[in-house]
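One-based numbering along the sequence shown.
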Amino acid sequence: MSVDTADRSAAMAEGRRADSDRRRKRVLAVIADATANGEELSASTMARRAGVDRSFLYRHRDLLEQLHALASRPPAAGAATVSRASIEAELADVKIQLAERTDELAAARSANRELFSNLNTRARPPVD
């Protein structure tokens, strides 16, 4: 193996290590964020949010073990409160949207009845 080839191999190995370190940091940040917000802690979800393949977690057992340990803990009281508050806010938004859709549906039904009434009136033959 020549010196040039050895240098390139070393540079490639260093690049892979640096890439792996960046991915690890993203995974750890996503896990910390999800834990703080009381969100689901699954390998698939964390891998997707971190932008890594799920197999990355399985190749780095320490990350997977940390994830499983955190997932098995009961949620913190603050996290449940934040989660409940966000769910209640979303529910209020959905109720408003439902009321708007109900009003739109009632208006559409009224317009439909009026159109059919007009069609039926014009379609009748004159009575002599």
Side-chain angles (χ1 to χ4, degrees):
M1 185 186 271
S2 70
V3 174
D4 190 37
T5 305
D7 288 343
R8 279 189 274 160
S9 294
M12 286 175 31
E14 181 58 34
R16 283 193 300 273
R17 272 191 295 278
D19 183 53
S20 183
D21 287 343
R22 283 190 299 273
R23 290 178 186 204
R24 286 181 66 81
K25 287 177 184 174
R26 286 198 319 253
V27 169
L28 290 170
V30 165
I31 291 172
D33 183 52
T35 302
N37 293 324
E39 297 173 8
E40 176 190 6
L41 292 171
S42 70
S44 295
T45 303
M46 297 300 102
R48 184 173 38 257
R49 286 183 57 194
V52 299
D53 192 75
R54 194 175 61 197
S55 64
F56 181 82
L57 293 174
Y58 291 99
R59 284 193 309 268
H60 295 87
R61 283 297 209 191
D62 61 316
L63 291 175
L64 189 61
E65 288 170 4
Q66 179 181 356
L67 180 62
H68 287 159
L70 290 170
S72 66
R73 289 189 339 199
T81 303
V82 170
S83 179
R84 182 176 176 90
S86 66
I87 290 171
E88 287 175 352
E90 187 175 338
L91 178 60
D93 289 342
V94 169
K95 284 181 178 180
I96 291 169
Q97 290 175 1
L98 178 61
E100 290 171 354
R101 297 300 186 282
T102 302
D103 291 345
E104 290 172 3
L105 180 59
R109 285 179 174 157
S110 176
N112 195 24
R113 278 193 298 272
E114 186 177 331
L115 287 172
F116 271 100
S117 177
N118 289 340
L119 282 172
N120 288 335
T121 303
R122 279 190 248 149
R124 289 187 191 145
V127 177
D128 288 328

Among all residues two or more places apart in sequence or in another chain, which pass the side chain to side chain contact (heavy atoms under 4.5 Å, CB included) test with [X]?
X	answer
Glu40	Ser42, Thr45
Thr102	Leu98
Val52	Arg23, Arg26, Val27, Ala47, Ala50, Phe56
Asp62	Arg24, His60

Inspect the contact between Asp19 and Arg16 and indicate whether a charged nitrogen and a carboxylate oxygen are less than 4.0 angstrom apart.
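Salt bridge absent between Arg16 and Asp19.
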Is any side-chain N of the basic residue among Arg17 and Asp21 closer than 4.0 Å to the acidic one's carboxylate O?
no
Side chain to side chain donor-acceptor pair (under 3.5 Å) between Ser44 and Arg48: does it pass, once the steps are laid out?
CA-CA 6 Å; Ser44 295; Arg48 184 173 38 257; 5.6 Å; no
Are more than 12 heavy atoms, taken from residues, nucleotides or ligands other than Glu14, located less than 6.0 Å from that residue's CD atom?
yes
For residues Ala43 and Leu57, report the shortest heavy-atom separation together with the two atoms involved.
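Answer, listing the atom of Ala43 first, then Leu57: O-CD1, 3.4 Å.
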Donor-acceptor contact below 3.5 Å, side chain Asn37 vs main chain Glu39
no
Check: Ala29 main-chain N/O paired with Asp33 side-chain donor or acceptor under 3.5 Å:
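Flag not set: sc Asp33 to bb Ala29 has no pair under 3.5 Å.
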Could you walk me through whether Gln66 and Leu28 pass side chain to side chain contact (heavy atoms under 4.5 Å, CB included), step by step?
CA-CA 9 Å; Gln66 179 181 356; Leu28 290 170; 3.3 Å; yes
Tell me, which pairs form a salt bridge (Lys or Arg N to Asp or Glu O under 4.0 Å) where one or both residues lie in residues 93-118, sequence neighbours left out?
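Output for this query is empty, none listed.
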What residues form a salt bridge (Lys or Arg N to Asp or Glu O under 4.0 Å) with Arg54, not counting sequence neighbours?
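Applying salt bridge (Lys or Arg N to Asp or Glu O under 4.0 Å) to Arg54 gives none.
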From CG (Leu105) to OG (Ser110), nearest 0.5 Å
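Answer for the CG-OG pair, Leu105 versus Ser110, is 11.0 Å.
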Pairwise distance CG(Asp4) to OG(Ser9) - rounded to 0.5 angstrom
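The OG atom of Ser9 is 9.5 Å from CG of Asp4, to the nearest 0.5 Å.
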Would Leu41 and His68 count as a side chain to side chain contact (heavy atoms under 4.5 Å, CB included) if you check the C-alpha gap in whole Å, the side-chain angles of each, and the deciding distance to 0.1 Å?
CA-CA 8 Å; Leu41 292 171; His68 287 159; over 6 Å; no
